[in-house]
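Structure first, commentary second.
Quick caveat: nothing in here was measured; it's all calculated off a predicted structure. Convention: sequence-line order gives letters A, B, ...; per-chain numbering from 1.
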Amino acid sequence: MKDKRKLKKTGTVLIGIFFSCVWIYPFYLIVINSFKTKSQIFQDTLGLPEGLEFSNYTTALDKLDFKNTALNSILITIFSLFFVVIVSSMAAYGLSRNKSKLSSGLYFFIAIGLLVPFQGIMIPLVSIFGKVNMLNRAGLVVMYIGLATSMATFMYYGALRGIPRSLDEAAVIDGASTFKIYWTIILPLLKPTTVTIIVLDSLWFWNDYLLPSLSVNKEGMYTIPLKMFYFFGEFNKQWHLALAALVVVIVPIIILFVALQKHVVKGISDGAIK
Amino acid sequence: MLTNKSKSFWLLLLPALLALMAVLFIPLFIGGYYSLTDWNGNTVGVFLGFENYIKVFKDETFINSLIFTAKFSVVSIILINVVALSLAVLVTQKLGKWSTLFRTVFFMPNLIGGIILGFIWQFIFNKVFTSIADITGIAGFNDWLNTPQTGFWGLVILFVWQMCGYIMLIYISYLNSIPGEIIEAAEIDGASAIQKFFRVKLPMIMPAFTVTLFLTLSSAFKMYDQNLALTAGGPYNSTQMTAMNIYNEAFSMRNMGYAQAKAMIFLLIIVIISIIQISVTRRKESDA
């Protein structure tokens, strides 16, 4: 009986290993070919590299202007995340602590945003922001706040139902202001939801191409996906450089994910069940 | 304890309301108006009434992009959910450290943006497939991104690879919430692995399907980045999805008013899908 169970487990593990290899094979091909010369990629795509062509990487890093490009992506992602978290949790707190008809009307108004796909507003949005000179990094952050607030407020509102009002009422008796209660009591209690929002939205903001291509499409403001797009246009027959660039932008994200895996998995699972 | 008149209430809500007005509602209203004109991006020209909307329904490339998008969505949704659920069942077998490792590997593609995924698969389809064709002599591996049929499957493969990890995590969290006693009871009754899956686990995770179906449907429908980086709509717009059709009409042809009319129809389709999804979820919840 015990042997049978052990055998079954080994079988399952082997199936898992097989599928993992299939799943990871595209990454493997990108990595091995990024170390080949241009002609080697052409002659033998599937084999291992003959030598390690590190010059692919130095050229790619240089052409990507990696330091500045990554900095733009980091700044835009962090600022957007910060404001989405603050703006939405404040709104959800206000709405959950006022049971009037007006309050539920406003909640409904915010929830409408959940239904609107980006393409529905893309054209006028770009036109309006262009008119007020906001097609820049700050403007992009404002757009992300507007686009992400509905979902985040919705999630915070759900979480706030589980936080008893008696908690903030006790603080009021002690003389704390609404904002002090929000900052010192409510926001820390909302941390699990905040993790979910940060995980989902950082993947969105970091990886987005369409909106940045319409708003920060200028030298000096490029984010990583934008720069990659131009890089491919410029070097489209030079796979040795293109592949090195791909590895450069993928590896840090995978390392970050493996390090924060517990939070990422929990964040996404919590988000799905709510 | 906050009232409509209290200053704190409005201060808490103000930033969210302002951001939503500026980014969502004002553009939506202005867009609604522009869709009735021949706006070209600079000057709002003539008011046309519903002329743009009538034109949209006669626009063959737009209709084709909608059909392509619908086909793509249906095929992807089925494949993603079948593969993701199988992976979730695999990962939730008690395999210790192996489970974590498998979960990490399957989720990895989801970390990467559509543009970069598109370029990864461009390499696979253009270079790797061609060299497989050379080695094996099977011509079917050539020119994958140059024909409408294989271009379609190229996009599907990319999207399945990207989304499965995410959908798998959702199935895992539902599978893990099944009480252990129920599984044990089935085991004591002598249920086989297949019986356990179809008779016990599947019925218990039914609520997961509304979440995953809607998530895959809406992301398939709105897909743009992957489409741009992998096929750019080619050959001859045959793999152009609706989002790309709207983008090109607006920013390549500069027919902004007309493009906005397309965008409003697209919006309406998404809203209808969402409302159906919400009402189905509500009904299921009240049944339970």
Below 4.5 Å from any heavy atom of chain A, which atoms of B:Ile273 appear? Answer side chain, backbone, both or neither. neither
Chain B contact via A:Leu211 - which portion, at a heavy-atom distance below 4.5 Å: neither
So how far is it from A:Tyr25 OH to B:Trp161 CH2, rounded to the nearest 0.5 Å? 13.0 Å
A:Ile41 versus chain B, heavy atoms under 4.5 Å apart: side chain, backbone, both or neither? side chain
Residues of residues 14-23 of chain A contacting chain B, heavy-atom criterion under 4.5 Å, by residue number: A:Ile15, A:Gly16, A:Ile17, A:Phe19, A:Ser20, A:Trp23
Cut-off 4.5 Å, heavy atoms of chain B, and the answer for A:Lys131 is side chain
For A:Leu29, is it the side chain, the backbone, both or neither that has a heavy atom under 4.5 Å from a heavy atom of chain B? both
CG-CD1 distance between A:Leu246 and B:Ile116, expressed to the nearest 0.5 angstrom: 7.0 Å
Does a side-chain heavy-atom distance below 4.5 Å link A:Gln261 with B:Thr100? yes
Below 4.5 Å from any heavy atom of chain A, which atoms of B:Phe251 appear? Answer side chain, backbone, both or neither. side chain
Could you look at A:Leu256 and say if it's the side chain, the backbone, both or neither that has a heavy atom under 4.5 Å from chain B? neither
Kindly say whether A:Gly120 contributes a backbone atom to a donor-acceptor pair with the side chain of B:Gln260 at under 3.5 angstrom? yes
Go through B:Trp10, B:Tyr34, B:Phe107 and name the one with the most non-hydrogen pairs under 4.5 angstrom from chain A. B:Phe107
By a 4.5 Å heavy-atom criterion (distance strictly below it), what part of A:Val258 contacts chain B: side chain, backbone, both, or neither? side chain
If I measure from the heavy atoms of chain B, does A:Asn33 come under 4.5 Å with its side chain, its backbone, both, or neither? side chain
A:Leu203 versus chain B, heavy atoms under 4.5 Å apart: side chain, backbone, both or neither? side chain
Please flag which part of A:Gln119 lies under 4.5 Å from any non-hydrogen atom of chain B: side chain, backbone, both or neither. both
Relative to chain B, which segment of A:Ile110 carries a heavy atom at a distance below 4.5 Å: side chain, backbone, both, or neither? both
Strictly distance-based, threshold 3.5 Å: is any side-chain N or O of A:Asn207 a donor or acceptor partner for the main-chain N or O of B:Leu111? yes
Residue part contacting chain A, namely of B:Tyr224, when any heavy atom lies under 4.5 Å: side chain
Taking only residues two or more places apart in sequence or in another chain, which ones pass side-chain hydrogen bond (donor to acceptor under 3.5 Å, both in side chains) with A:Tyr156? A:Thr194
Contact origin within A:Thr12 toward chain B - heavy atom pairs under 4.5 Å: both
Okay, A:Ile128 and chain B: the region with an atom under 4.5 Å from a heavy atom over there is side chain
For B:Phe102, which atoms come within 4.5 Å of any heavy atom of chain A: side chain, backbone, both, or neither? both
